[in-house]
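These notes concern the structure reproduced below.
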Amino acid sequence: MKRMRILFTGVGGQGTLLASRLLGEAAMSAGIPVRVSEVHGMAQRGGVVESTVMLGGIESPIIAEGEADLLVGFEPLETLRALRFCSTDTVIITNTAPIPPFTVTLGQAEYPPIPRWMEFMGSTFRTVIAYDAEAVAREAGSTKTVNVVLLGTLCATGLLPLRPEALRETIRSRVKPKLVDVNLAAFDRGLVQAQ
Amino acid sequence: MHELLTHDPGRFMLLLGNEAIVRGAIEAGLAVSAAYPGTPSSEIGNNLFQIAQDPSSDISFEFSTNEKVAMEVTAAASAAGLRTLTSMKHVGMNVASDVLMTLAYMGIKGGMVIVCADDPSLHSSQNEQDSRYYARMASLPVLEPTSPQEAKDMTMEAFDLSEALELPVILRTTTRTAHVRGPVKLGNIPKNKKTRGHFEKAPMRWVAVPAVARTRHKVLLDQFEKAHGLAETSRFNTLSGSGRTGILATGVSACYVADVLEELHLFDRVRFLRLGFVHPQPRNLIRDFLAGLDQVLVVEELEPCQENALKVAAQEMGLTLPILGKASGHIPRLYELTPKIVKKAVCHALSLDHPSPPLPDLAALPPLPQRPPSLCKGCPHTETYGVVKEALSDLGLLEKTIFPTDIGCYTLGLLPPIQMADYLLCMGSSIGSSAGFSLSTDQKVVSFIGDSTFFHSGIPSLVNAVHNGHRFSLVILDNGTTAMTGHQPNPGIRLTPPGYSERHPRISIEAIVRACGVRNIAIINPYKKKEAMEAAREMLAKDELSVIISDAPCILYLKRMEGKTQKRTPATEQTQAGDEGRDRT
């Protein structure tokens with residue numbers, strides 16, 4: 001089985017951990033060896049939240065510089081910060097809707113211009129899928145589903161050893177019943193973003 | 001029913017390392033557990049707390065006031081013949097170590113597992129001490145998992161081991177093994193386990209006076225010798241591969257090594273010893289491992305525990321082969337290891353070029369704004385800091401004030417724009433260090449401590465401050481919960497599940513402060529600026545000990561508890577009647 005390292009990065013509250021967990025659950029159900037690592041504790045107080053999903057028998061819970069096969073960035077600044085984990089072959093999926101850190105709001109730092117750096121990514125990496133996932137999530141019914149929109153796009157790359165239906169099934173069984181429909185809608189909207 | 005009580009043997013669940021430990025304990029017949037929370041160990045206590053509230057469970061669990069108390073509670077229950085578990089972060093072991101050192105002499109009856117979670121790289125800690133040294137100092141066996149499945153299996157094994165040796169067994173994790181999820185195969189939950197113990201009096205066994213402890217120390221050394229034998233046959237120690245170079249690794253380091261060996265196809269060049277029963281080292285297995293090798297690389301995080309033990313073993317066997325690791329510079333002693341560091345070390349030892357993926361040129365990237373953690377929007381601590389800062393400024397004292405602080409969310413007061421944290425050592429250090437600053441300088445001293453930290457280790461230092469006449473102002477940030485580690489209850493908790501407060505009476509911080517003999521006390525609501533400022537100015541102007549109790553609940557916790565009453569009302573999650581129900585003093 002192909003070994004695969006997937007890095008999720010985002011900001012506390014964006015549902016990064018839920019997305020990596022859903023992928024992990026789907027992989028386990030499909031009998032694929034999987035490990036998911038999570039950031040807990042102080043790092044979650046509005047800070048950066050990173051998680052990894054390792055498929056195919058990898059034992060390491062973390063990813064070394066240059067070794068991510070896939071990067072899913074929930075926030076563009078965090079995507080830029082995580083580029084060191086990518087090689088030029090890494091497939092990158094990123095939300096383009098920014099969440100400025102308080103260092104920027106207080107005027108202590110400058111938020112990098114997003115279009116310019118998306119262009120840089122496009123010319124540096126083989127595959128970059130960048131779009132406003134927050135807008136897509138809003139269309140699906142809730143901006144809280146950015147995580148599942150991006151999961152849909154990740155699935156649509158065709159690189160995962162999982163079919164979309166496997167992830168839909170995991171969403172049905174793992175998400176709170178009243179939130180299942182909006183998450184399925186978000187997932188399906190995410191799926192078509194990769195095209 | 002709690003998910004970890006699922007009775008479906010053979011089924012796989014995607015569990016966190018910490019959840020797997022809880023499940024292992026349940027399957028092993030855990031009866032009594034106690035803990036104080038701390039990252040990366042907190043989910044163990046959180047899950048056991050929820051499970052203990054579940055009517056279908058007969059496990060007793062308490063959040064104790066600190067790790068020392070939790071270890072005493074579980075040790076005594078083990079002496080009464082029950083299976084027990086206590087968990088803590090590495091620095092919690094410092095607090096509990098007074099118990100640990102003599103508990104090793106006294107031993108136990110029912111199996112006792114001590115989970116100690118280390119934090120290499122200090123993700124959420126004040127140091128990165130290696131708690132394996134405690135095991136050496138106490139002469140206790142240690143198991144260390146590499147995956148959630150192993151975490152469950154080792155927890156179960158640790159109970160058996162503990163009963164076989166009549167010693168507590170340490171299960172050591174690190175951030176990466178505590179916070180990794182993986183498939184875990186469920187086993188049976190025992191039906192008729194022992195939940196009531198009986199303590200057989202035997203003063204010559206259980207009372208640690210010198211005459212008894214002298215004989216018990218000998219027993220400990222004998223039992224530790226037996227532990228060597230058990231390590232030899234442990235299924236958690238495995239030897240694989242062949243070649244003239246040996247690699248010995250433990251914990252998450254073994255995962256990194258396994259991935260490198262797989263990726264670079266090195267199984268015919270390397271003999272790989274994975275140790276899961278990490279202390280004491282199995283002598284015969286080590287002898288078999290070393291036989292015929294030209295060199296050994298030891299891969300472990302933090303201190304060179306395995307490396308030094310291996311050097312001793314090699315010396316005893318008359319071997320002079322190079323043992324590479326920390327001393328040789330192959331493996332750093334600082335911070336956690338990464339797959340990259342380990343790959344480089346393995347390649348270095350084998351004189352291989354290490355392949356690197358095609359790296360992007362990122363030199364053009366601008367400096368990226370940091371996203372440091374910060375106090376939540378609307379957090380009462382921000383208000384309290386504001387009140388104290390302004391009051392000190394009014395009094396003309398702000399510039400000359402030293403702010404000793406303590407461990408909790410409010411430690412973030414270090415960062416701009418608050419910047420009111422000048423000195424911190426450990427849990428409770430705010431009060432003791434305030435005494436030191438006040439007696440040694442002419443500066444004003446104003447320190448901060450949270451409610452849970454005050455109960456944990458603030459009270460003796462407050463008694464000390466009163467008795468020895470130290471002059472400073474202490475601000476107790478009472479948000480009614482242990483917020484930073486995930487809202488665990490502490491003795492001062494106000495918002496509680498129904499039924500909880502009948503069994504757990506609230507202890508008033510104000511009453512304790514008064515009983516300690518503090519004469520100047522003000523209780524403020526930091527959201528009521530005017531009254532709070534007035535009271536704060538009065539207290540901060542005193543030239544003797546004064547205490548301000550800032551009484552305002554954690555807003556996250558308040559929201560969570562209120563949200564739960566509105567949305568669903570299962571018996572275990574309902575709150576008391578909001579603010580009206582709060583027991584104000």
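Numbers restart at 1 for each chain; the letters A, B, ... are given by sequence-line order, proteins then strands.
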Inset, instruction - Against chain A, label B:Ala364 side chain, backbone, both or neither, depending on which of its atoms sit under 4.5 Å from a heavy atom there. - result: both
Inset, instruction - Check each atom of A:Val34 against the heavy atoms of chain B and say whether the ones under 4.5 Å are side chain, backbone, both or neither. - result: both
Legend entry - Heavy-atom proximity to chain B below 4.5 Å, by part of A:Arg174: side chain
Inset, instruction - Under 4.5 Å heavy-atom distance to chain B, tell me which part of A:Ile32 shows up: side chain, backbone, both or neither. - result: neither
Inset, instruction - Please name the pair of heavy atoms, one in A:Ser60 and one in B:Cys255, separated by the smallest distance, quoted to 0.1 Å. - result: OG-O, 3.8 Å
Legend entry - Sub-4.5 Å side-chain heavy-atom contact between A:Trp117 and B:Pro366: yes
Inset, instruction - Side-chain contact test, heavy atoms from C-beta onward, threshold under 4.5 Å: evaluate it for A:Glu65 versus B:Thr338 and give yes or no. - result: no
Legend entry - Pair listing, side chain to side chain donor-acceptor pair (under 3.5 Å) test, anchored in residues 97-111 of chain A, at least two apart: A:Glu75-A:Tyr111
Inset, instruction - Sort A:Thr124 into side chain, backbone, both or neither according to what part of it lies under 4.5 angstrom from a heavy atom of chain B. - result: side chain
Legend entry - Straight-line distance of B:Leu362 CG to A:Arg81 CZ, nearest 0.5 Å: 13.5 Å
Legend entry - Between B:Gly182, B:Pro358, B:Pro416, B:Pro357, the one whose heavy-atom pairs under 4.5 Å with chain A are most numerous: B:Pro358
Inset, instruction - Please flag which part of A:Arg21 lies under 4.5 Å from any non-hydrogen atom of chain B: side chain, backbone, both or neither. - result: both
Legend entry - B:Ser374 versus A:Phe102, closest heavy-atom pair with distance: CB-CE2, 3.4 Å
Legend entry - Option that, when pairs with chain A are counted at under 4.5 Å, heavy atom only, ranks first among B:Ser147, B:Ser253, B:Pro40: B:Ser147
Inset, instruction - Flag the pair B:Lys343 / A:Glu67 as yes when at least one side-chain heavy-atom distance between them is below 4.5 Å, and no otherwise. - result: yes
Inset, instruction - Flag the pair B:Leu359 / A:Arg84 as yes when at least one side-chain heavy-atom distance between them is below 4.5 Å, and no otherwise. - result: no
Inset, instruction - Can you tell which part of A:Pro100 gets under 4.5 Å to a heavy atom of chain B, answering side chain, backbone, both or neither? - result: backbone
Legend entry - Pair B:Arg274 + A:Glu59, salt bridge at N-O below 4.0 Å: yes
Inset, instruction - Check whether any side-chain heavy atom of B:Val180 sits under 4.5 Å from a side-chain heavy atom of A:Val36, and report yes or no. - result: no
Inset, instruction - Quick one: do A:Arg3 and B:Glu263 satisfy side-chain contact (heavy atoms from CB on, under 4.5 Å)? Show the steps, please. - result: CA-CA 10 Å; A:Arg3 292 151 73 97; B:Glu263 187 191 330; 5.6 Å; no
Inset, instruction - Report the distance from atom CD1 of A:Ile62 to atom NZ of B:Lys340, rounding to the nearest 0.5 Å. - result: 12.0 Å
Legend entry - chain A contact via B:Leu15 - side chain, backbone, both or neither, heavy atoms under 4.5 Å: neither
